[in-house]
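Notes follow the structure.
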Amino acid sequence: MMDIIKKAKKPAAGVISVGVFLVLFLGIQRLVVPKYADGLPEGNFTAEYYDETTDHDVILIGDCEVYENIDPICLWSEYGITSYIRGNAQQLAWQSYYMLEDTLRFETPRVVIYNVQALVHDRPQKEEYNRMTLDGMQWSPVKWKAIQASLCEEEDFLDYIFPVLRYHNRITGLQKEDFTYFHKRKKVTHNGYYMRIDVLPVSKSDVADISWLPGGEKEPAGENPGGQEDPYDIDDPWGEIEEAHADEPELQSDTITDKKRRETFGRLPMEYLDRIRRLCEEKGIRLILMKAPSLAPRWYESDNRQVVEYAERYDLPYINFYDLLEETGLDYEKDTYDGGLHMNLSGADKLTKYLGKVLAEDYHMPDHRKDPRYASIYRQKEKFYQDMITVQQAELERFGEIRSY
């Protein structure tokens with residue numbers, strides 16, 4: 001009898017040992033993965049979508065030009081339109097396609113809006129931005145394909161399966177936020193919208209100018225005409241990026257000077273734009289192309305012409321906000337927090353109100369504000385929205401800058 005018990009204990013002990021190892025392994029992995037709490041919130045954007053409890057009539061995809069310029073809570077309060085932004089910093093065309101594919105695992109919106117800025121990038125750009133976009137995706141065949149499409153030359157697919165292999169060196173530099181947000185990361189967006197209420201006028205900007213826009217008068221403020229300089233420097237979440245590679249990827253290798261403008265977008269981004277279009281057609285979704293009015297990187301006439309021609313070829317609406325500055329009332333002296341690169345809350349709401357009017361009148365988006373299924377949930381969202389405004393106002397008064405978001 002004792003022999004039988006001893007024999008039974010051996011496999012049980014083995015299972016327990018494996019279980020303990022897995023718990024420790026996953027715990028350490030969770031601990032060392034960046035939490036993106038303060039100073040670099042963009043790394044949390046992708047994962048927040050999976051906490052949603054309602055569907056959305058409108059899904060927006062793209063890079064920072066969509067998540068900093070369109071405000072889904074404003075769309076709700078003004079028009080009762082439910083929407084979500086699945087965008088990330090420097091989200092490339094193929095990543096936007098897989099974000100859409102991932103979204104369609106859970107819901108089928110009436111309209112998808114794609115911001116076209118990333119069409120200027122024809123190859124993977126930089127690991128940090130891949131990580132901020134892809135690490136938060138739930139594992140599925142979609143994430144598998146998104147990683148394969150996005151890998152830079154120096155990256156290893158295995159590091160995405162086991163992030164601890166990439167972040168192991170952080171074990172000696174853990175911070176308070178790594179423990180505070182061990183179980184659940186800090187919520188930083190409003191249905192994917194990244195809010196900033198502060199103001200930095202374009203007249204005080206060294207990285208953007210409006211002289212190339214119709215009616216623009218401002219001359220470049222710095223030594224960099226055309227806004228080709230790094231518009232803002234991000235902190236490296238791993239502490240391993242060499243100074244020589246610290247440029248903002250959105251203005252990196254694909255930014256073209258006046259002497260060498262982009263005449264055609266690359267094969268890869270156009271292939272994925274086609275895939276976005278075909279996927280929307282298959283699902284009965286109306287696709288709208290959009291260009292936000294960011295002043296850098298510069299949007300050349302050759303860029304715009306290609307989007308116009310594509311939209312005409314496939315009968316797609318194209319909303320170019322550069323052409324709508326008067327209609328929206330956008331003011332680059334008041335409505336941007338970083339000198340014209342992205343809109344602050346005031347600017348985002350002006351763009352959003354125009355977009356909402358188009359969606360309501362031209363695409364007959366339903367008004368859900370009287371629907372109790374949505375109303376109670378959006379009351380909570382509006383409270384979080386107002387609470388963040390209050391926090392940012394208090395930080396501006398106390399520190400002269402926003403620190404928490």
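Just so you know, these numbers come straight off a predicted model, no measurement behind them.
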query: Does the side chain of Q95 pick up a donor-acceptor pair with the side chain of D63 at under 3.5 Å?
result: no

message: Is the positively charged end of R86 above the ring of Y50, judged by distance under 6.0 angstrom from the centroid and angle within 45° of the axis?
response: yes

field: salt bridge (charged side-chain N to carboxylate O under 4.0 Å, His left out) assessment of R196 paired with E68
entry: CA-CA 8 Å; R196 289 286 295 264; E68 298 202 61; over 6 Å; no

query: How are the rings of H190 and F384 set relative to one another: parallel (under 30°), tilted (30 to 60°) or perpendicular (over 60°)?
result: tilted

- request: Please check if the side chain of T336 supplies one atom and the backbone of H342 the other of a donor-acceptor pair under 3.5 Å.
  value: yes

task: Answer yes or no: does atom CD of E153 have more than 12 heavy-atom neighbours from other residues, nucleotides or ligands under 6.0 Å?
output: no

- prompt: Would you say S77's side chain and C74's backbone share a donor-acceptor pair under 3.5 angstrom?
  reply: yes

task: Give a yes or no answer on whether the side chain of N88 reaches the backbone of Q91 with a donor-acceptor pair at less than 3.5 Å.
output: no

field: Salt-bridge contact E101-K145 (side-chain N to carboxylate O under 4.0 Å)
entry: yes

Electrostatic pair K350:D335 at N-O distance under 4.0 angstrom: yes

message: Under 6.0 Å from the ring centre and within 45 degrees of the ring axis: does the NZ or CZ of K381 meet both conditions for the six-membered ring of W76?
response: no

Stepwise side chain to side chain contact (heavy atoms under 4.5 Å, CB included) check, F45 with M132: CA-CA 8 Å; F45 292 178; M132 287 192 288; over 6 Å; no

- prompt: Between E395 (side chain) and S404 (backbone), is there a donor-acceptor pair under 3.5 Å?
  reply: yes

query: Within the distance-only criterion (no hydrogens, no angle test), does the side chain of N344 pair as donor or acceptor with the backbone N or O of K334 below 3.5 angstrom?
result: yes

field: Heavy-atom donor-acceptor pair, S140 side chain to V142 backbone, under 3.5 Å
entry: yes

Sequence-distant partners of Y363, ring pair (Phe, Tyr, Trp, His ring centres under 6.0 Å), two or more places apart: none

query: Do N304 and S302 get their side chains close enough for a donor-acceptor pair, meaning under 3.5 Å?
result: no

query: Any side-chain heavy-atom pair from K291 and Y322 closer than 4.5 angstrom?
result: yes

query: Taking the side chain from T390 and the backbone from Q386, do they hold a donor-acceptor pair closer than 3.5 Å?
result: yes

query: Checking E281 side chain against R278 main chain: does a donor-acceptor pair fall under 3.5 Å?
result: no

- request: Verify the distance criterion only: is there a donor paired with an acceptor across the side chains of Q117 and H121 at less than 3.5 Å?
  value: no

message: Donor-acceptor pair, distance only, cut-off 3.5 Å: does the side chain of D362 make one with the backbone of L359?
response: no

- prompt: Pick from I276, N115, V307: which one makes a side chain to side chain contact (heavy atoms under 4.5 Å, CB included) with L289?
  reply: V307

message: Any side-chain to backbone donor/acceptor pair from Y114 onto L287? Under 3.5 Å, distance only.
response: no

message: One pair to check against side chain to side chain contact (heavy atoms under 4.5 Å, CB included): D71 and M195. What are the steps and the verdict?
response: CA-CA 8 Å; D71 178 357; M195 176 197 292; over 6 Å; no

- prompt: Think R369 forms a cation-pi with Y378, using NZ or CZ under 6.0 Å from the six-ring centre and within 45 degrees of its axis?
  reply: no

- prompt: Do the side chains of L134 and S150 get nearer than 4.5 Å, heavy atoms only?
  reply: yes

message: Tell me whether the NZ or CZ atom of R403 lies within the 45° cone about the ring axis of F399 and under 6.0 Å from its centre.
response: yes

E401 atom CD: more than 12 heavy-atom contacts under 6.0 Å: yes

